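To keep things clear, I will list the structure first and then write my remarks on it.
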Amino acid sequence: MLKIEFKNGDQREYPEGITLLQVAEEISTKMAKNAVVAVFNGELADLNTRVQEDGSLEIIGFEDERARSVYRHSSAHVLAQAVKRLWPDTKLAIGPSIDKGFYYDFDSSHTFTPDDFKLIEDEMNKIIDADYPIIRKELNRDDALKFFAERNEVYKVELIEELPEEAVISVYQQGEFVDLCAGPHVPSTGRLKVIKLTSLAGAYWRGSEDNKMLQRIYGTSFPQKAMLDDYLHKLEEAKKRDHRRLGRELGLFVVLEEGPGFPFFLPKGMIIRNELEKFWREEHRKAGYHEIRTPIILSRDLWEKSGHWEHYKENMYFTKIDEQDYAIKPMNCPGGMLVYKQNLHSYRELPLRTAEMGLVHRHELSGVLHGLMRVRAFTQDDAHIFMLPEQIIDEIKGVIDLVDRFYSLFGFTYHVELSTKPEKAMGSDEIWEMATKALARALEEKGLDYKVNEGDGAFYGPKIDFHLRDSLDRTWQCGTIQLDFLMPEKFDLTYIGEDGGKHRPVMLHRVIYGSIERFIGILTEHFGGAFPTWLAPVQVRILPITERQHDYGRKVLRELENEDIRVEIDDRSEKVGYKIREGQMQRIPYLLIVGDREAEQGSVAVRHRKQGDLGPRPLQEFKVMIKEEIAGKVI
RNA sequence: GCCGAUGUGGCUCAGUGGCAGAGCAGCUGAUUCGUAAUCAGCAGGUCGCCGGUUCGAAUCCGGCCAUCGGCUCCA
């Protein structure tokens, strides 16, 4: 007999060889029915596993993230089985679970289209209805290679060949279908209930541009239809928050065919932008920065010196002036270097923090452009901090604090990554290691969790990246802090030290918003267009009920204008319900309805875009309230 | 850049070989109304662009451009 301990502390004895699913059934049939996978001795295990040793057991269902991932992974296998049935010459690549579903990559002579989804889903449902047990088998390397080679599964063969010598090679079988897989899986195909294929995409084998492009089919799955409906509904809602759509609907910004990747900012979008910049300038002044502006076009020599010519050429635009080569700046740093060099600097001046709202242009591949999130011209809220080596950690920590101050103000949650030396980088490994360690130390001293992103640093230095989420949960890098020992070297930057001699400063490149454009994109989606009042392009709209109140309405308008509140009046001859609807759709924070009663009492009937009708109150009172809200940058 | 899909009025979309349509928005007029759409009328289109097939192309074919979803790449 074996002893099994459960999560609640209970211990029970079972005969050797019992499956984990049978154990679950003995405890509760309901639990067994909802079970997806087991956690045995802390490791995920198939419910079909026969127990051979004492251990702790936890049975988890779809509500557990680990189980959800197994459920989707099994769904991917069913997708592959269906595709193999329908197009037998298809070769299988990989099929993992992902955040909200799964995908499988195929190499097939058939080109999949969305019209195939119905057919594939029907076949998947047949496989689910057949309730094939999903059986794990372990093979030795030679047998596994032979097995997949015979079936012409060249990608599987490649995967096996690259598995480490000691790796256990397992396959999972369901009906006629066998796939190389570490597992675990649900015990049988019937455990899957509702599946839906969602999209198609090309994807390079092993994620490398040099390899063949495979066809990826994305899907998702749930144990209940209602959960799928809920998911699809949320997706629809998220699409309504898409900044490209809201940008147009609210008259904020637009990207046109005439300028792919070059966004236009409309009057209302400019208000948001200018408010963000105003806040930025205030905060940076307080944090000891001084602002500069460097040219958009600078000579080729400069870019050769900085290393951009060698390392960043494919992303740059060029022009000729009087037969001389010039480049449109893709980064602000070289210009910032030249500014530093205009004077001799004493160690007493350091850290020297120079900030620049710099418009940069980068040639991005056409396929990556995405509204304001990924463009070819954007404004970085850049700064270059020149400092003594012993100031590095404190300066990095100062920037981290500033990022947090900004992001918290908008109620953003963010995650942090540390990107290390890329393939095409300048400088020695020693310098890179020193710089990377400094960034890591600053993060650790701040107690921030971070993920290491190997090889993703800038060509001149490692970086800390701050990522924000859009409405569809895609993450975008916004803030970044990059430590650079190389540019100061290349530009021969110096300061006069205490000893009277020349020394080399260290430099930090950093942005908080990242790009104003991207940040506004994220902001728009985050707030669903309902910007906090301090940012809202129109903060108040006055809605007279009839023409009789137009004079009073205009008086209210003037009074609010005198307080620098962005206010307008809707004096069209429409019913108040119509005006309210339009005001709501424009996400205007406050609609002030003025009728005879208000005109008589000098009051306004306040309607908040989220809280609805707040009732009448004296205009003075409203003024005080909204001014406080704006000054406090309340979200 | 690569894979797939899409492109019809400002917006959302119908039209799949035979006279370019609807709703919303816009304009004009009427209406003067109390918390999410008042009524009527008018105007608005090189059907992404270029070429081909055809008596005839928004519709079929080819090329290009842009957009969308991914991949790769990055703020």
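Naming convention: chains lettered A, B, ... in sequence-line order (proteins, then strands); numbering from 1 in each chain. Since we're looking at a predicted model, the values are computed, not measured. Heavy-atom basis, side chains included; hydrogens, waters and symmetry copies ignored.
- The CZ atom of Arg216(A) sits 18 Å away from the P atom of C2(B) (whole-angstrom rounding).
- Taking only distance into account, the side chain of Glu598(A) meets the base of G34(B) through a donor-acceptor pair shorter than 3.5 Å.
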What does the list of N/O pairs under 3.5 Å between the protein and nucleotides 47-51 of chain B look like, with a distance for each?
none

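- In this structure, of U35(B), A75(B), G69(B), it is G69(B) that holds the atom nearest to the side chain of Ala201(A).
- Closest to the Pro260(A) side chain, of the nucleotides G34(B), U67(B), C74(B), is U67(B).
- Both His370(A) and Asp465(A) sit near RNA chain B, but only His370(A) has its closest nucleotide nearer the 5' end.
- Checking C33(B), G34(B), A75(B) against the side-chain heavy atoms of Ile593(A) singles out G34(B) as nearest.
- The side chain of Arg362(A) lies closest to C74(B) when the candidates are U35(B), A37(B), C74(B).
- For Arg245(A) and U12(B), the shortest distance from a side-chain N or O to OP1 or OP2 is not below 4.0 Å.
- Counting only N and O atoms by type, the side chains of His308(A) and Asn315(A) include no donor and acceptor under 3.5 Å apart.
- Remark: C60(B) base-pairs with G52(B); criterion is Watson-Crick or G-U wobble with both hydrogen-bond distances under 3.5 Å.
- Position along RNA chain B of the nearest nucleotide to Ala458(A) versus Asp613(A) favours Asp613(A) as the more 5'-ward residue.
- The nucleotide whose nearest atom lies closest to any side-chain atom of Arg572(A) is, among C33(B), G26(B), A36(B), G26(B).
- Its glycosidic angle being more than 90° from 0, U67(B) falls on the anti side.
- You'll find that the side chain of Leu200(A) is closest to G4(B), out of C2(B), G70(B), G4(B).
- Taking only side-chain atoms of Thr480(A), from C-beta outward, the nucleotide of A75(B), G69(B), A37(B) with the closest atom is A75(B).
- With respect to Cys478(A), the side chain to side chain contact (heavy atoms under 4.5 Å, CB included) criterion is satisfied by exactly one of Tyr407(A), Phe406(A), Phe412(A): Tyr407(A).
- Candidate nucleotides C74(B), A25(B), U72(B) were compared by shortest atom distance to the side chain of Asp456(A), and C74(B) ranks first.
- Pair assignment for A66(B): U6(B), on the basis of Watson-Crick or G-U wobble contacts that are both within less than 3.5 Å.
- Using N1 to N3 plus N6-O4 or O6-N4 for Watson-Crick, or N1-O2 and O6-N3 for G-U wobble, each under 3.5 Å, G23(B) pairs with C11(B).
- The environment of Glu600(A) atom CD is sparse: at most 12 non-hydrogen atoms of other residues, nucleotides or ligands sit within 6.0 angstrom.
- Taking CZ from Arg572(A) and CG from Leu543(A), the interatomic distance works out to 9.5 Å, rounded to the nearest 0.5 Å.
- The P atoms of G52(B) and G56(B) are separated by 12 Å, rounded to the nearest whole Å.
- The separation of A36(B) from U28(B), taken at their C1' atoms, amounts to 26 Å, rounded to a whole angstrom.
- Here the side chain of Ser573(A) is nearest to one of C33(B), U67(B), U31(B), namely U31(B).
- The separation of C42(B) from G9(B), taken at their C1' atoms, amounts to 15 Å, rounded to a whole angstrom.
- Comparing the C1' positions of C11(B) and U53(B) gives a spacing of 35 Å, expressed to the nearest Å.
- A distance of 8.5 Å separates CG in Asp470(A) from OG1 in Thr475(A), rounded to the nearest 0.5 Å.
- Distances from the side chain of Arg374(A) to the nucleotides C71(B), A37(B), A75(B) place A75(B) closest.
- Between Gln584(A) and A36(B) there is no side-chain N or O to OP1 or OP2 distance below 4.0 Å.
- The only member of Phe106(A), Tyr104(A), Tyr218(A), Phe117(A) that meets ring-ring contact (aromatic ring centres under 6.0 Å, His included) when paired with Phe112(A) is Phe106(A).
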